[in-house]
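Note that these values count all heavy atoms, side chains included, but never hydrogens, waters or copies made by symmetry.
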Amino acid sequence: MEKINFVVIGYGGMGGYHARELIQEKDGVQVIGVYDIDEKRLEVAKNDNFKTYDTLESVLNDKSVEAVLIATPNDSHKELAIAALKAGKHVVCEKPVMMDTKELEEVIAVAKLEHKTFMVHQNRRWDNDFLIIRDLYETKQIGDLFQIESRVQGANGIPGDWRHMKQHGGGMLLDWGVHLLDQMLFMVDSPVKTVAADLSFVLGDEVDDGFISYLTFGNGVKAIVEVGTTNFVKLPRWYVRGFEGGAVISDWDLSGEIVKQTGIIDHHNLVPIQAGQGLTKTMAPPSEDATTTLPIKEVAADFDNFYHNFYDVVRNNAEPIVKNEEVYRVLRLIEAIFEAAEKQQVIEFE
């Protein structure tokens, strides 16, 4: 196996994570160096036993470097990607891939012209919680899903410095929304017909500190995708409804349950319950004979890991798991969400 030599550009949290943990020799890839404009980050890389480069030009002129990982603030992705591609390097780019679809079009055009691989690290396609929900969608264990709610929420605000700034591509729609929307479009095999959205500016930044979006797919699935950074009480990570049951995954620890209808609900003989100062049959739980509660079980991905797939794409002309047209579609959807929120209108999408 002829390994692909990587240099990591940007040795912050994600760049360091790639270098130390994700890019592994067993997948045919290895990190041979690091470049960062911050001397302090280069010192950290040296302490982590990585070779460091003083300039971008020295990286691009090193013939032993076959690929670069770009893990820098979002507004620098385009310039770095084009420079690396023109220097004959393959490129892996952290998300969000670019500031807008126009930039991505330019980069994809250069990659095609230079006959180099350009792939985006949409790593949350491999998250266990997502794989469980995707399996429910595909296997129809609780029937066809007709409502999918996907949320990540915390109370720590927006981390770091540049993520607060619009010029650098800050905000939660670009930071976390790109993950959740990529998962949704990767899972639901249907065009998105309409988009509605509302952005949150509770923290007073020029960029959104959260958002809620409503998607309607052509196959009838309705989805809510929500991100919040001022949520001291969180809603479940996933909540889905199917025609034969429902499921909830509360958090990253995969706590939750699947409730499947296994018997007949007798709508004419429901037993009312006390509900506040009244009685209700409608909101009473179904009889024990009508449903079965199942545990949440992990599901393995039915596709290769990211970096081994990248190796196969470069060496064996394999099909990329994260396709550029998929990344482009997600970026278009993000632009539509910004537009829907600004106009406070429902936007037709596909």
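Aromatic ring pairs are classed by plane angle as parallel below 30°, tilted from 30° to 60° and perpendicular above 60°; the pair Phe6 and Tyr307 is perpendicular.
When atom types are taken as modelled, the side chain of Asp209 and the backbone of Thr229 share no donor-acceptor pair closer than 3.5 angstrom. Under a 3.5 Å cut-off, the side chain of His77 and the backbone N or O of Thr72 do form a donor-acceptor pair. Between the Arg241 side chain and the Leu145 main chain, no donor and acceptor come within less than 3.5 Å of each other. Under a 3.5 Å cut-off, the side chain of Glu326 and the backbone N or O of Val322 do not form any donor-acceptor pair. Put simply, the side chain of Asn61 gets close to the backbone of Glu57: a donor and an acceptor are under 3.5 Å apart. With hydrogens and angles disregarded, no donor-acceptor distance shorter than 3.5 Å links the side chain of Asp208 to the backbone of Gly171. Judged by distance alone, with hydrogens and angles left aside, the side-chain atoms of Asn305 form a donor-acceptor pair with the main-chain N or O of His308 at under 3.5 Å. Formation of a donor-acceptor pair under 3.5 Å by the Asp100 side chain with backbone atoms of Lys102 is found in this model.
The cationic atom of Arg163 (NZ for Lys, CZ for Arg) does not lie both less than 6.0 Å from the six-membered ring centre of Trp176 and within 45° of the ring axis. Cation-pi check for Arg125 over Phe186 is met; the charged atom lies under 6.0 angstrom from the ring centroid and within 45 degrees of its normal.
Clustering ILVMFWY residues whenever any of their side-chain heavy atoms sit less than 4.5 angstrom apart, transitively, puts Tyr239 in a cluster other than the one holding Val188. Put simply, Ile70 and Tyr328 are part of the same group of oily side chains (I, L, V, M, F, W, Y) that touch within less than 4.5 Å, one to the next. When hydrophobic clusters are built by joining Ile, Leu, Val, Met, Phe, Trp and Tyr residues whose side-chain heavy atoms come closer than 4.5 Å, directly or via intermediates, Ile265 is not grouped with Ile273. Cluster membership for Leu181 and Val346, using ILVMFWY side-chain heavy atoms within less than 4.5 angstrom, is not shared. Met165 and Val227 sit in two unconnected hydrophobic clusters of ILVMFWY residues. Membership requires side-chain heavy atoms under 4.5 Å apart, directly or through other members.
Counting only heavy atoms from C-beta outward, the side chains of Glu339 and Lys343 approach each other to under 4.5 Å. Residues Val240 and Gln147 are not in side-chain contact: their nearest non-hydrogen atoms beyond the backbone lie 4.5 Å or more apart. By the 4.5 Å heavy-atom criterion applied to side chains, Tyr11 and Val44 are counted as neighbours. Side-chain atoms of Glu103 and Val97, non-hydrogen and from C-beta on, never get closer than 4.5 Å to each other.
Side chains of Asp36 and Tyr53: no donor on one and acceptor on the other come within 3.5 Å. A side-chain N or O of Trp238 and one of Asp129 form a donor-acceptor pair less than 3.5 Å apart.
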Donor-acceptor pairs are to be reported for all side-chain atoms of residues 285-299 against protein atoms at under 3.5 Å, with residues two or more places apart or in another chain.
residue, atom, partner, partner atom, Å
Thr292, OG1, Thr262, OG1, 3.1
Glu298, OE1, Asn128, ND2, 3.4

Residues 150-158, side-chain donor-acceptor partners within the protein, below 3.5 Å, at least two apart:
residue, atom, partner, partner atom, Å
Ser150, OG, Arg237, NH1, 2.9
Arg151, NE, Glu226, OE1, 2.6
Arg151, NH1, Glu149, OE1, 2.8
Arg151, NH2, Glu149, OE1, 3.1
Gln153, OE1, Leu235, N, 2.7
Gln153, NE2, Glu226, OE2, 3.4

Donor-acceptor pairs are to be reported for all side-chain atoms of residues 210-222 against protein atoms at under 3.5 Å, with residues two or more places apart or in another chain.
residue, atom, partner, partner atom, Å
Ser213, OG, Val225, O, 3.0
Thr216, OG1, Thr194, OG1, 3.2
Asn219, OD1, Val221, N, 3.1
Asn219, ND2, Tyr137, OH, 3.2

Which atom pairs, one a donor and one an acceptor, fall under 3.5 Å between side chains of residues 112-123 and the rest of the protein, sequence neighbours left out?
residue, atom, partner, partner atom, Å
Lys116, NZ, Gly88, O, 3.4
His121, ND1, His18, NE2, 3.3
His121, ND1, Glu94, OE2, 2.9

Worksheet item: Is there a side-chain hydrogen bond (donor to acceptor under 3.5 Å, both in side chains) between Ser64 and Asn5 once you walk through the steps?
Response: CA-CA 7 Å; Ser64 69; Asn5 291 334; 5.0 Å; no
Discussion item. Between Gln30 and Gln24, is the side chain to side chain contact (heavy atoms under 4.5 Å, CB included) condition met? List the steps.
Written reply: CA-CA 6 Å; Gln30 61 185 3; Gln24 299 184 10; over 6 Å; no
Discussion item. Apply side chain to side chain contact (heavy atoms under 4.5 Å, CB included) to residues Val92 and Val68 and explain how you reach the verdict.
Written reply: CA-CA 6 Å; Val92 171; Val68 300; over 6 Å; no
Discussion item. I'd like to know whether Leu80 forms a side chain to side chain contact (heavy atoms under 4.5 Å, CB included) with Ile9, so could you lay out the CA-CA distance, the side-chain angles of the two residues, the decisive distance to 0.1 Å, and finally the verdict.
Written reply: CA-CA 9 Å; Leu80 290 170; Ile9 300 177; 4.1 Å; yes
Discussion item. If you apply the rule side-chain hydrogen bond (donor to acceptor under 3.5 Å, both in side chains), what do you find for Asp266 with Asn269, and how did you get there?
Written reply: CA-CA 6 Å; Asp266 187 351; Asn269 293 294; 2.6 Å; yes
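The neighbour count for Asn317 CG, taken as heavy atoms of other residues, nucleotides or ligands under 6.0 Å away, does not exceed 12. Atom CZ of Phe146 has more than 12 heavy atoms from other residues, nucleotides or ligands within 6.0 Å. Few gaps surround CD on Glu325; more than 12 heavy atoms of other groups in view lie less than 6.0 Å from it. In Lys86, the NZ atom is not crowded: 12 or fewer heavy atoms of neighbouring residues, nucleotides or ligands sit closer than 6.0 Å. More than 12 heavy atoms of other residues, nucleotides or ligands lie within 6.0 Å of CG in Asn47, so this atom counts as buried by the packing criterion.
At a threshold of 4.0 Å, the pair Lys40-Glu43 does not count as salt-bridged, since none of the basic side-chain nitrogens sits closer than that to a carboxylate oxygen. Using a 4.0 Å cut-off between a side-chain N of Lys or Arg and a carboxylate O of Asp or Glu, Glu348 and Lys193 do not qualify as a salt bridge. Ionic pairing of Glu66 and Lys89 is not present here: no N-O contact between side-chain nitrogen and carboxylate oxygen is shorter than 4.0 angstrom. Contact check on Lys95 versus Asp175 returns a salt bridge, with a Lys/Arg side-chain nitrogen under 4.0 Å from an Asp/Glu carboxylate oxygen.
Take Arg134 and apply the salt bridge (charged side-chain N to carboxylate O under 4.0 Å, His left out) test, not counting sequence neighbours, and it matches Glu138, Asp302.
Of all heavy-atom pairs between Phe130 and Arg124, the closest is CD2-O, 3.9 Å. The minimum heavy-atom distance linking Leu331 with Met98 is given by the pair CD1-O, 3.9 Å. Contact record, Gly169 with Trp162: O-CZ3, 4.3 Å, taken as the closest heavy-atom pair. Across every non-hydrogen atom of Val91 and Ala81, the tightest pair is CG2-O, 4.1 Å. Shortest non-hydrogen contact noted between Ala336 and Ile347 is O-CG1, 4.2 Å. Counting all heavy atoms, side chain and backbone alike, Thr52 lies closest to Ala45 at CG2-CB, 3.9 Å.
Remark: Glu244 CD to Gln141 CD distance equals 10.0 Å, nearest 0.5 Å. Within the model, atoms CZ of Phe303 and CD of Glu319 stand 14.0 Å from one another, a figure rounded to the nearest 0.5 Å.
Each salt bridge (Lys or Arg N to Asp or Glu O under 4.0 Å) pair with one or both residues in residues 3-31, not counting sequence neighbours, appears once here: Arg20-Asp48.
Residue His168 forms a side-chain hydrogen bond (donor to acceptor under 3.5 Å, both in side chains) with just one option from Asp161, Asn74, Asp75, and that option is Asp75.
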